[in-house]
Amino acid sequence: MFSVLISILLVNKLSKPKMREAEYCLNLDLENKMIKDLASLKRIKMNIEMSDGYLIHGDYIPSKESKGLMIFTHGYTWCREGSLKFAELALPVGYDCYIYDLRGHGENKRVPTTMGYKESHDLHEIIEHFRKEKGPGFVIGLWGESLGAATTLQV
């Protein structure tokens, strides 16, 4: 009985983590010099509604010469600002970037995290959104960190 109670409490705690604010995530990466030139990133707000009606908040960052698109997925309790350091790697080599907040994270409506289950469905819908917009032959790459990596692998 005790182990069941502990399991329930642990699952409840993990599914509703403390979320970091965008300003905190961004400032931490700036302080640690992980982001070099924030001013040069031309972020375009691009929110995508999922098939279940949930709204995913994100930013599209175009490169000067688009060879494809990289979609970056942040980690557990973090937000899309944490993906900017990776976008700075893709932009100079000609890849547009899309950074977004995982379900229940960042600017998104607070809902319990499913540790990649619903989040991977969201990422799949994001990929399909860009496939429809850019065409079937358009190159799309995925990059995830922590929970974002697990989500990416599930897709």
Side-chain angles (χ1 to χ4, degrees), residues 7-38 40-63 66 68-91 93 95-134 138-155:
S7 299
I8 290 169
L9 291 172
L10 184 61
V11 167
N12 189 40
K13 177 74 174 159
L14 288 174
S15 69
K16 298 174 186 167
K18 179 183 178 190
M19 300 300 169
R20 306 285 185 221
E21 296 295 324
E23 188 176 323
Y24 174 84
C25 299
L26 180 61
N27 287 337
L28 190 62
D29 282 349
L30 287 170
E31 286 171 19
N32 292 322
K33 300 183 184 342
M34 297 178 101
I35 299 173
K36 295 174 186 147
D37 189 11
L38 185 62
S40 71
L41 300 176
K42 296 176 182 163
R43 297 168 65 172
I44 302 164
K45 286 269 188 207
M46 181 183 237
N47 302 333
I48 301 174
E49 188 173 342
M50 301 294 104
S51 59
D52 65 359
Y54 189 83
L55 185 64
I56 296 289
H57 291 80
D59 296 327
Y60 186 83
I61 309 169
S63 64
S66 180
L69 172 73
M70 288 295 298
I71 301 173
F72 295 98
T73 308
H74 64 80
Y76 181 67
T77 75
W78 220 240
C79 66
R80 68 183 183 262
E81 305 299 318
S83 297
L84 288 172
K85 59 186 168 277
F86 304 121
E88 281 192 331
L89 299 173
L91 291 165
V93 292
Y95 286 87
D96 299 344
C97 300
Y98 184 70
I99 60 173
Y100 70 101
D101 290 323
L102 283 166
R103 186 176 282 253
H105 291 72
E107 285 185 66
N108 293 336
K109 178 182 173 189
R110 293 287 180 256
V111 295
T113 185
T114 61
M115 295 300 172
Y117 178 73
K118 286 185 178 179
E119 294 81 4
S120 64
H121 293 287
D122 294 340
L123 179 54
H124 186 267
E125 286 190 46
I126 290 168
I127 293 166
E128 290 306 309
H129 170 86
F130 283 108
R131 284 262 179 256
K132 287 177 188 165
E133 184 179 286
K134 305 284 188 178
F138 191 73
V139 175
I140 297 176
L142 305 176
W143 182 310
E145 177 180 34
S146 185
L147 176 58
T151 299
T152 297
L153 288 172
Q154 289 181 56
V155 170

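The figures here come from the full heavy-atom set of this structure, side chains too, leaving out hydrogens, waters and symmetry mates. Note that the structure is a prediction, hence the values are computed from the model and not measured.
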CD/Glu23: more than 12 non-hydrogen atoms of other groups inside 6.0 Å: no

Validation row: Val155, Thr152 side chains within 4.5 angstrom (heavy atoms): no

SG-NE2 distance between Cys79 and His74, expressed to the nearest 0.5 angstrom: 6.5 Å

Reported CG-to-CD distance for the pair Leu26 and Glu31, which is rounded to 0.5 angstrom: 10.0 Å

Modelled atom types, side-chain donor and acceptor of Ser83 and Glu145, under 3.5 Å: no

Exceeds 12 heavy-atom contacts within 6.0 angstrom, atom CZ of Phe138: yes

Residue list, salt bridge (charged side-chain N to carboxylate O under 4.0 Å, His left out) with Lys109, at least two apart or on another chain: none

Aromatic ring pairing Tyr98/Tyr100, orientation class (parallel under 30°, perpendicular over 60°, tilted between): parallel

Taking every non-hydrogen atom, the tightest pair across Cys97 and Ala90: SG-CB, 3.8 Å

Verdict with reasoning, Leu142 to Thr151, per side chain to side chain contact (heavy atoms under 4.5 Å, CB included): CA-CA 10 Å; Leu142 305 176; Thr151 299; over 6 Å; no

Inter-residue atom distance Leu123.CG - Glu128.CD, 0.5 Å rounding: 10.5 Å

Gap between atom CE of Met70 and atom CD1 of Ile61 - 0.5 Å precision: 12.0 Å

Asn108 (side chain) donor-acceptor with Asp101 (main chain) under 3.5 angstrom: yes

Min side-chain heavy-atom separation Asp59-Leu84 under 4.5 Å: no

Minimum heavy-atom distance between Glu119 and Met115, given as atom pair plus value: OE1-N, 3.8 Å

Considering all heavy atoms, the nearest His129-Met46 contact: NE2-CE, 3.9 Å

More than 12 heavy atoms from other groups under 6.0 Å of CD on Glu21: no

Close side-chain approach of Arg103 and Val111, heavy atoms under 4.5 Å: yes

Salt-bridge present (Arg20, Glu81; N to O < 4.0 Å): no

Audit row: Thr73, Leu102, side chain to side chain contact (heavy atoms under 4.5 Å, CB included) steps and yes/no: CA-CA 7 Å; Thr73 308; Leu102 283 166; 3.5 Å; yes

Minimal non-hydrogen separation, Asn47 against Gly58, with atom names: OD1-N, 3.2 Å

Salt bridge (charged side-chain N to carboxylate O under 4.0 Å, His left out) involving Arg131 - partner list, sequence neighbours excluded: none

Heavy-atom donor-acceptor pair, Asp52 side chain to Tyr54 backbone, under 3.5 Å: yes

CD on Gln154 to NE2 on His124, rounded to 0.5 Å: 13.0 Å

Heavy-atom pair of closest approach, residues Leu147 and His105: CD2-CE1, 4.3 Å

Distance, nearest 0.5 Å, that separates CG of Asp122 from OH of Tyr117: 11.5 Å

Non-neighbouring partners of Asp96 that pass salt bridge (charged side-chain N to carboxylate O under 4.0 Å, His left out), sequence neighbours left out: none

Backbone N/O of Phe130 and side chain of Glu133: donor-acceptor pair under 3.5 Å: no

Close side-chain approach of Met50 to Lys118, heavy-atom, < 4.5 Å: no

Atom of Arg43, atom of Ile99 and distance for their closest heavy-atom approach: NH2-CD1, 4.0 Å

